[in-house]
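Below: the structure, in structure tokens.
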Amino acid sequence: MDADTLKQKLAALPSAAVQELDHARRGFSLDVSLPPAQLVAAVTILDEAGYFIETITGVDWLGENAARIKEAQAAAAAKKAAAAKKAAEARKAAEEAGEPLPEEAAPEVEEEAPAPEPAVDDLEAIYDFNRYDRCHRVTLRTRAPRDKPSVPSIVHIYQAAHWHERETHDFFGIKFEGHGYLVPLLLPEDADYHPLRKDYSA
Amino acid sequence: MTIDSELLRLLLYVVGFIAFIATNAAYLVWLERKEAGHIQCRIGPKEVGPFGLLQPVADGLKLMTKQLIIPKGADSFLFRLGPVLVMTPAVMCFVTIPYSDTIVARNLDVGLLAIFAFASVNVLGLLLGAWGSRNKYAVISAARVVSQNVAYEIPMLIVIVTMVMVTGTMNLHEVVTSQNGGFWHWNIFRFSASPLMPVAFLIYFVCMLAETNRAPFDMAEAESELVAGAFTEYPGMGFGVFFMGEYANIVVGTSMATILFLGGWNCPFGLWPGLHWFLIKMYALIFTVIWIRWTFPRTTFYSLLNLSWKVLIPVAFANLILTSALLKVL
Amino acid sequence: MTAIAQSASSETFVLNLGPQHPATHGVLRVKLVMDGEYIVEAEPVLGYIHRMHEKMGENRTWAQFLPNTGRMDYLHALAYNHNYVCLVERAASIEVPERAEYIRVITNELNRISSHLLWFGAFVLDLGGFSPLLYAFDDREQILDLLESVTGSRLTYCYFRFGGVYNDVDQDFLDGCKAFVARLRERMPMYHNLVTKNIILMKRLQDIGFIDAEMCRKYGATGPVARGAGIDFDVRRHEPYSVYPRFDFDIPVYPGCDSMARYMVRMDEMEQSMRIIEQAVGAIPEGPVMAAKAPKIIKPPKGDYYHAVETARGSFGIRAVSDGTNTPYRMKLRTPSFSNLVTFGEAAKGMLLPDALALMGSLDLVIPEIDR
């Protein structure tokens, strides 16, 4: 299966977002975002295409939603400031030209909305696949909310996932449904913490 | 009250043997370390005494000052019995070995039989010691020791039977006197008895390595697999006695090779026979044994059994049949 | 795979191999369910020297993480250095001068040979042959002296910098490389005659420890393990980095899938590394060894970056997530031995204990790199 067919097949999965990247710039060629429900289907496609599994890992996006809201607010504030500035400039210009002042437009009613409560942030599971015959690194990403991080396991397709998923579970607490043996791999046997979560501190 | 002079002589010999075994083992360790050093581009021990010659004394002191710990749950009787059972038969073997025309503790008519009877007790010592120490590695090692010895006694004994047929006696003194003269009289070159004599010597030598658990057949100790095998739980002199027993067995094995194949105390050129020739031949063989250890990797258990059952035993049998046929015809 | 204790019956017993065992070369523990000397099930237990390098990566700056990289695979530390600097150079778009690239290749390949030499000695030691270890160490010592003369350290190097290398090499070093290559060339036939052609060694390695191409793919095995299964995969050729494409070298591939194939791959790789060193020493250009415009503070643009290199054990990849600040947001270290070791559980099933240890030796494990 060549790269294009693979891309089409992956893009055909429901709500999958496929992005082609410059390998020289980023180090991987295909970036696929999927909902957890589509993960097994995508991995099966890769397995059939003869890809080998490189690794599985996670990223904790704690504070992402808050940052997004803050960003949006900042953007809105900037827009408002720019509009006010523009209006002031227009008024000044009109004054200088001796033109009659335009009707004070009723100020746009922009109620300071109370900051919305940010939604629960996500944990992202990242899967890297590559080929032995030519370099074509494919990255699958799937997200699950931090309070219920659950992603289907792919152990039945790639046996290596047995350890990679255990490691990811150790570090992030992502539950891989169907794994069956999610005991700590690198952490102590009784570890109940997830050190790579952003809110973890020793 | 008169003291039986024969008994006194025997007692003195045994005391002498025990002293010899202890110092010999100590200096074989030194030889082994020196030889290993030179094989590996090092110089070996050199700090304690000139040429490191006092190293064995230091080692011995260290071993003796160590506490003899008996692991929890071990069978302390068997655990203590193990080293004794390895050491005692080795000492017994020394009794019948003729070192020269005159130096022999007890010249038995069934000397050959006695030696191999004693030598096979040594396995029991390892087995009991390993079993008694309640360690999984030791138990695996015990199982290996037993099947290894069963496999290797067969070709060895077939070779011995052949030698008994050739020399017509089991008295070791007579075995040597039948080879009196230059090296062409020695059993290893007695082609009139069987053209396969050098092969028989090789079979004997390989079996001897396996019997004494020396590399490349040191499956019982196998430090990279079984940590220390049967000796895993033995501290201090418990281990030290095993060690001495191992070296004593090597001495017995190489002595037997010297007597059976290499003409005992005879000089290769028929000149000045005596103890010195016996020792030269024996230590040359021991040197070879050590040399082999530091050259080869370890075999595995099944290839060892394969070698025994598929190669050594058939060849030894062929030699036996050939020899008996030749003896009958000639 | 399930919990190991469940499959132990009255016919079998559980043997804890390690964490202190002579054959595990470090602190790896393997729980074995044994039936006599046959292995019914094997489960490696990791984490005895887990240091959480990935978290360390998140709470220090891009530059501060550099010394950590040499402390994962202590036998081929320069490849880890190299991967990290390449990743940051890729992310922050830093150009590296030619001479620095050549120095990186030369030192890297020297380090690869030293890693393989140590593996060679330790592997034969696992098989019960003690002497080759000291010969291998004798050769390795020459490399360590050479590398010490330019990097200042002998094991956990931290020599490469973003945009170049820490200091320039002199003519003595280049001559030393040539002398070393000549010396090892002379000694390789000795190794082959004394060790490779030894009948005991051959019997212990041939047709034992079967890992085939499909298994490699499912387990993500790379490096000599994959090349010993007939897969022509080497990151230096496959996903070229640095100036490797300029050199003429072969990728040794053996289709045997057994321990012998993996052994031969590594032995041949040493010769290929010598070829690369010779060519690089011959063609090294004059010039600076640090980029003139290397930024003092690294702030890569937002996004994910991946970079992989071929270490002595396989493909080592770093995935870094940058949030545009001077510290990485996430640093994933994909280490080759980790993936190679996963195969052990399946490959060791039904094997005899000594063969399984030979298999483990042929995987060339470095435990700090697995545990990170």
Side-chain angles (χ1 to χ4, degrees), chain A residues 21 23-29 31 47 50-61 64 67 124 126 128-137 139 141 155 157-164 166-168 170-171 179-181 183-189 191 195-198 200-202, chain C residues 1-3 43-48 50-52 54-55 58-59 86-87 90-91 93 213-222 226 231-233 235 237-240 303-308 315 317-321 323 329-335 338-339 341-343 345-346 370-372:
Chain A
L21 294 163
H23 181 277
R25 188 74 196 85
R26 304 292 293 273
F28 52 113
S29 310
D31 190 320
D47 179 31
Y51 281 71
F52 76 91
I53 182 163
E54 269 190 324
T55 188
I56 300 176
T57 186
V59 179
D60 182 6
W61 291 109
E64 191 195 30
E124 188 175 54
I126 301 180
D128 285 317
F129 296 88
N130 202 348
R131 294 187 69 90
Y132 282 131
D133 48 0
R134 63 192 146 81
C135 183
H136 190 248
R137 187 170 285 114
T139 301
R141 315 162 173 274
V155 169
I157 306 173
Y158 284 101
Q159 285 85 344
H162 183 81
W163 280 17
H164 290 304
R166 269 170 77 186
E167 185 195 312
T168 311
D170 278 10
F171 292 168
H179 185 288
Y181 191 54
V183 298
L185 178 72
L186 293 173
L187 296 184
E189 290 161 342
L196 279 184
R197 287 201 179 187
K198 288 285 174 187
Y200 173 86
S201 62
Chain C
M1 263 188 264
T2 46
E43 184 197 348
V45 180
L46 312 180
Y48 285 91
H50 174 53
R51 289 155 295 172
M52 202 75 236
E54 296 184 9
K55 186 79 177 177
E58 289 178 17
N59 52 30
C86 281
L87 175 97
R90 168 175 279 171
S93 313
E214 180 61 12
M215 200 165 152
C216 285
R217 188 173 78 79
K218 292 285 188 179
Y219 283 95
T222 49
I231 300 170
D232 185 2
F233 175 80
V235 182
R237 180 64 51 79
H238 193 75
E239 198 180 342
D304 278 34
Y305 302 92
Y306 197 104
H307 197 278
S315 157
I318 304 182
R319 166 176 292 280
V321 181
D323 57 355
Y329 187 75
R330 171 85 178 96
M331 179 94 70
K332 164 68 187 174
L333 307 159
R334 185 257 182 228
T335 50
F338 184 89
S339 294
L341 179 61
V342 198
T343 58
E346 188 179 323
I370 297 172
D371 284 353
R372 284 159 288 151

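The sequence lines fix the lettering, A, B, ..., with proteins before strands; numbering per chain opens at 1. Just so you know, these numbers use all the heavy atoms, side chains as well, and skip hydrogens, waters and symmetry mates.
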A:Trp61 and C:Tyr329 aromatic ring geometry - parallel, tilted or perpendicular at 30°/60° bounds: parallel
Close side-chain approach of A:Arg25 to C:Tyr305, heavy-atom, < 4.5 Å: yes
Options C:Ala226, C:Cys216, C:Ser339, C:Ala308, ranked by heavy-atom pairs under 4.5 Å with chain A, top entry: C:Cys216
Winner by heavy-atom pair count (cut-off under 4.5 Å) against chain C, out of A:Ala161, A:Gly27, A:Pro184, A:Pro195: A:Gly27
Part of A:Asp128 lying under 4.5 Å from any heavy atom of chain C: side chain
Minimum side-chain heavy-atom gap A:Leu196-C:Met52 below 4.5 Å: yes
Close side-chain approach of C:Arg372 and A:Leu186, heavy atoms under 4.5 Å: yes
Contacting moiety of C:Ile231, where chain A heavy atoms sit under 4.5 Å: side chain
Of C:Arg330, C:Arg334, C:Arg319, the residue whose pairing with A:Thr57 passes side chain to side chain donor-acceptor pair (under 3.5 Å): C:Arg330
Structural part of C:Asp232 lying under 4.5 Å from a heavy atom of chain A: backbone
Region of A:Ile126 that comes under 4.5 Å of a non-hydrogen atom in chain C: side chain
Residue part contacting chain A, namely of C:His307, when any heavy atom lies under 4.5 Å: neither
Atom pair CG/CG of C:Asp371 and A:Leu187 - distance to nearest 0.5 Å: 10.5 Å
Cationic N near anionic O, under 4.0 Å, A:Glu167 to C:Lys332: yes
Under 4.5 Å from a heavy atom of chain A, the part of C:Ser315 involved: side chain
Nearest heavy-atom neighbours spanning C:Arg217 and A:Phe52: O-CB, 3.4 Å
For the student: nearest non-hydrogen atoms of A:Ala160 and C:Gly220, plus distance: CB-N, 4.4 Å
A:Arg26 side-chain N/O to C:Tyr306 backbone N/O, donor-acceptor pair under 3.5 Å: no
Engaged part of A:Asp47 at the chain C interface, taking heavy atoms whose separation is under 4.5 Å: both
Gap between atom CD1 of A:Ile53 and atom OH of C:Tyr219 - 0.5 Å precision: 11.5 Å
Heavy-atom contact with chain A under 4.5 Å, split by part of C:Tyr48: neither
Gap between atom NE2 of C:His238 and atom NE2 of A:His136 - 0.5 Å precision: 11.0 Å
Region of C:Glu54 in contact with chain A, defined by heavy-atom distances below 4.5 Å: both
NZ-CZ distance between C:Lys55 and A:Arg197, expressed to the nearest 0.5 angstrom: 11.0 Å
Rounded distance (nearest 0.5 Å) linking atom CG of A:Asp31 with atom CG of C:Asp304: 6.5 Å
Straight-line distance of A:Trp163 CH2 to C:Leu341 CG, nearest 0.5 Å: 3.5 Å
A:Phe171 and C:His50 aromatic ring geometry - parallel, tilted or perpendicular at 30°/60° bounds: parallel
Test of ring centre spacing under 6.0 Å for A:His164 and C:Phe338: yes
